Structures are given as C-alpha cells and as structure tokens.
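Just so you know, these numbers come straight off a predicted model, no measurement behind them. Atoms within each ligand, like the ligands themselves, are counted from 1 in listed order. Note: hydrogens, waters and symmetry copies are ignored here, and every other heavy atom, side chains too, is used. In this chain, residues are counted from 1 in sequence order.
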Amino acid sequence: MSKVAIYPGSFDPITYGHIDIVERALEIFDKVIVAIAYNTSKRSLFTVKERMTLVRTIFADVPNVIVDSFKGLLVEYVGKTNAKVIIRGLRATSDFEYEFHMASMNRSLNPRLDTLFMMTSKDYFFVSSRTIKEVASLGGAVEGLVPSLVARRLKQKFKLPVTKKKEIGWDD
Ligand code: PNS
C-alpha cells in the first residue's frame, strides 16, 4: 500500500523552506499532499486559488506531489484521504510550543493520526511566509528564499494601487 502524507499549512506564499520539507518528505513517503488551509483567523495576501496555482506550478514536474485545499478541521480533511501522517516543518525552538499544541490536539481528535516533524534545513531556518511578505512589501530582495515565480507574484501584489489593496482588504 502506498504511503501518503499530508503537508498542511497556509503557504501564503510557499517558500524554499516549505519546498525543502516536501522534497525530503518524498524520500519517506510515496505521495505528499500539500493541503492549503482556508484559514479564517489569518488575513492572507494570496487567495487560496492563487496559492494553489503557485504550488502546482512549482511541483508541475513532480507527479507524486498533489496540491489540494481544505476548510474546517484538518483531522476531518485527513480522514477523507488515505494518509495517516501529517508533516510539519520545525524551525527554531519558537515553533515548538505551537506545533506541540496543534499535534496534541489533532491526536486527541483522531488518535490514529500522527504528526511527523522535520527540522527545517539550516539554509532556511529563518525563512517564514510572514517575514517574506514583510521584506517584499518594503522592497527587499527575497530571491533565493522563494522561487522566482513567487518573488515575481509578490512584486506584482505589492505594486497594486492603494484603491485595489483596500478593495481586497489589505493595508498598504
Ligand atoms: O502554515 P500555518 O498557518 O502554520 O498552518 C496552520 C494550519 C493550517 C496547519 C492549522 O491552522 C490547521 O490545521 N488549521 C485547520 C483547523 C484545525 O484543524 N485546527 C485544529 C488544530 S489545533
């Protein structure tokens, strides 16, 4: 039976840190489902559709990476697939508490599910979607930390006129 893992997250946007985790997970699992959450508690820069397009394009040549989205509880989404494992990347110690709570809650909701943590590679331990957005919004270079397609999309987003930014709900 093929081994399937779910890699859930906001991916707003996907970074080389995420990509590194997917690539390493593929050494262990036959298939990795990158599952993009509709997260109502977080204001996002890219729509879920835009994020899915970015991830799909980046992994276009990797047939064992599936890109999907989900609403609601992660454990319910995972239950609809044949995955038994959730993958999460762990950066420095600051991620631990949040991740430990989330993994424990998910396991309490479904004891048959396990979360596998992979240490982010040393080249990307300081990279997060949040800091990438902040740097890009201030005109800083993010090349080398995100694929060039993502860097281009970030530039396009932050070049939008103020009226359009207000329309889609984010501050300039
Ligand atoms: O990339 P992120 O924002 O750290 O990903 C967090 C995510 C999407 C994995 C998490 O918020 C999640 O699983 N959301 C779905 C709702 C849910 O199941 N919550 C209970 C877990 S405590």
* **Region of R88 that comes within reach of ligand 1 [heavy atoms, distance under 4.0 Å]** => side chain
* Asked: Applying a 4.0 Å heavy-atom criterion (strictly less than), which segment of N106 is in contact with ligand 1: side chain, backbone, both, or neither?
  -> side chain
* Is A37 touching ligand 1 with its side chain, its backbone, both, or neither, if touching means heavy atoms under 4.0 Å apart? -> side chain
* Asked: Going by heavy atoms in the side chains, are I58 and V150 under 4.5 Å from each other?
  -> yes
* Is the backbone N or O of F46 less than 3.5 Å from a side-chain atom of D12, with the two atoms forming a donor-acceptor pair by type? -> yes
* To do: Kindly confirm or rule out an N or O of E99 lying under 3.5 angstrom from an N or O of ligand 1.
  => no
* Asked: Are any of the heavy atoms in F70 under 4.0 Å away from ligand 1?
  -> yes
* Check if H101 has a non-hydrogen atom at a distance under 4.0 Å from any atom of ligand 1. => no
* To do: Specify the protein heavy atom at minimum distance from atom 22 (S) of ligand 1: its residue, its atom name, and the distance to 0.1 Å.
  => M102 CG, 3.5 Å
* Residue, atom name and distance, where the atom is the protein heavy atom closest to atom 2 (P) of ligand 1 -> S10 OG, 3.5 Å
* Asked: Does Y98 approach ligand 1 within less than 4.0 angstrom via side chain, backbone, both or neither, non-hydrogen atoms only?
  -> side chain
* Asked: So is L74 polar-close to ligand 1, meaning N/O to N/O under 3.5 Å?
  -> yes
* Any S41 heavy atom less than 4.0 Å to ligand 1 -> no
